[in-house]
Amino acid sequence: MIDFRSDTFTRPTPGMLQAMLQAQVGDDVFGEDPDVNKLEAMMAAFFGKAAALYCPSGTMSNQIAIKVHTQPGDEVICSHLAHVYIYEGGGIAFNAGAQVRALEGDRGMITAPAVAAAINPDDVHKARTSLVCLENTSNRGGGCCYNWEEIVSIREVCQQHRLPLHLDGARLFNALVATGQDPKDFGQAFDSISVCLNKGMGCPMGSVLLGSENFIKAARRIRKKLGGGLRQAGYMAATGIYAMENHIQRLTEDHLHAKQIAQTLLEKPFIGHMLPVETNILIFEVKGDWTPQFFADFLKKEDILVMPISPTQVRMVTHLDITPDMVEKTCQIISEMQ
Ligand SMILES: *Cc1c(COP(=O)(O)O)cnc(C)c1O
């Protein structure tokens with residue numbers, strides 16, 4: 001099976017499994033799991049943040065961050081395509097009791113002027129604006145990367161209004177290798193960052209939340225309340241350490257694969273608008289005699305899985321378990337489609 005549905009469809013590599021076997025483990029709820037502690041320290045150092053918290057999923061680390069930054073009845077500013085808004089089961093309302101001010105923007109990326117205009121005045125009629133969330137890369141935006149200047153401008157608006165800035169960096173490593181940006185710049189610009197290890201990094205689970213000592217102390221308490229305090233989590237944290245050491249640079253290969261597939265697709269008359277392919281995600285329209293479902297069903301017969309994500313669009317994602325041979329086979333089959 002050649003599975004392009006998501007970069008979550010990866011299996012641990014032999015090296016990763018070996019790393020799991022060698023984990024020392026202890027009880028992480030007591031702060032005594034050496035591999036969890038090592039992973040948290042590694043990630044904090046990598047992004048130049050004071051502290052980190054290992055979480056079971058990216059949804060949980062985003063939700064924890066939002067809960068720590070807000071009070072019930074507050075308003076969170078994010079894109080109308082943000083994962084925290086459309087793909088976390090209404091978690092912002094459920095977990096934090098906060099509401100969302102969803103902004104339109106280019107491919108899920110919002111701008112500093114739009115953020116400034118959406119901040120509510122100090123008025124009893126209005127919800128208190130208490131957080132701004134960005135997503136980089138933007139999932140629903142086809143894996144696009146923010147311009148650094150825009151992030152700096154949004155940071156300035158947040159500082160003027162004393163608003164914390166959170167980054168849903170589920171695929172931040174993809175953005176880093178695609179743009180060559182310094183991870184420590186992200187650590188400086190954002191009050192908190194959530195980074196997934198279960199996407200292109202190839203881990204079976206896990207995400208890391210980064211922030212100040214105080215922020216992470218509060219986050220640890222929320223993680224416990226959500227039932228996310230795990231015991232011998234080191235078996236899983238060991239996969240994160242392994243991925244940090246072995247799977248960051250190779251993301252460039254996923255990006256290359258995505259571009260190769262894009263090129264083949266764009267030669268077909270039944271492929272409509274495709275979002276610019278900046279990292280490992282392709283989102284494109286299927287038109288004419290083909291529908292996204294028909295396209296997906298056709299490829300499935302060839303053992304290739306893709307995901308229809310709207311009545312007109314298909315998503316394909318490249319990752320660790322997609323080999324050059326698989327990309328070649330996929331391109332071959334697409335080029336023969338009529
Ligand atoms: C996948 C994803 C998450 C979190 O996903 P989990 O499956 O809960 O780990 C968060 N944000 C974005 C943009 C994502 O793509």
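Order of listing sets the numbers, starting from 1, for every ligand and every atom in it.
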Element-labelled atoms of ligand 1 that are located less than 4.0 Å from some non-hydrogen atom of Lys199: 1 (C), 2 (C), 3 (C), 4 (C), 5 (O), 14 (C), 15 (O)

With sequence neighbours excluded, give me every side chain to side chain donor-acceptor pair (under 3.5 Å) pair touching residues 224-244. Asp27-Arg231

Can you list everything that forms a side chain to side chain contact (heavy atoms under 4.5 Å, CB included) with Gln263? Sequence neighbours excluded, please. none

Measure the distance from atom 7 (O) of ligand 1 to every protein heavy atom, then report the residue, atom name and distance (to 0.1 Å) of the closest one. Asn198 ND2, 4.0 Å

For atom 6 (P) of ligand 1, find the nearest protein heavy atom and state the residue, atom name and distance (0.1 Å precision). Gly58 N, 3.5 Å

Select one of side chain, backbone, both or neither to describe which atoms of Asp168 lie under 4.0 Å from any atom of ligand 1, heavy atoms only. side chain

To the nearest 0.1 Å, how far is atom 8 (O) of ligand 1 from its closest protein heavy atom, and which atom is that? Thr59 OG1, 2.6 Å

Can you label the angle between the Phe186 ring and the Trp148 ring as parallel, tilted or perpendicular, going by 30° and 60°? perpendicular

For the pair Asp182 and Lys184, find out whether any cationic side-chain nitrogen is under 4.0 Å from an anionic carboxylate oxygen. no

Under 3.5 Å between some N or O of ligand 1 and some N or O of Glu135? no

Is there a heavy atom of Glu88 sitting under 4.0 angstrom from any atom of ligand 1? yes

I need the atoms of ligand 1 closer than 4.0 Å to a non-hydrogen atom of Ser57, numbered in the order shown. 8 (O), 9 (O)

Please could you name the atoms of ligand 1 that Arg171 approaches to less than 4.0 Å, counting only its heavy atoms? 15 (O)

Hey, are Asp191 and Arg155 close enough for a salt bridge, meaning a charged N less than 4.0 Å from a carboxylate O? yes

Determine, step by step, whether Gln71 and Arg128 satisfy the side-chain contact (heavy atoms from CB on, under 4.5 Å) criterion, reporting the C-alpha distance in whole Å, the side-chain angles of both residues, the deciding distance to 0.1 Å, and the verdict. CA-CA 9 Å; Gln71 292 298 319; Arg128 191 177 71 106; 3.9 Å; yes

Regarding ligand 1, does Met60 bring an N or O atom to under 3.5 Å of one of the ligand's N or O atoms? no

Tell me whether Arg223 is salt-bridged to Asp28, with the criterion being a basic N under 4.0 Å from an acidic carboxylate O. yes

Could you label the plane-to-plane angle of the His69 and Phe215 rings as parallel, tilted or perpendicular, counting under 30° as parallel and over 60° as perpendicular? parallel

What atoms in ligand 1 come closer than 4.0 Å to a heavy atom of Asn139? 13 (C), 15 (O)

Report the part of Asn62 in contact with ligand 1, treating N, CA, C, O as backbone and CB onward as side chain, heavy atoms under 4.0 Å; options are side chain, backbone, both, neither. side chain

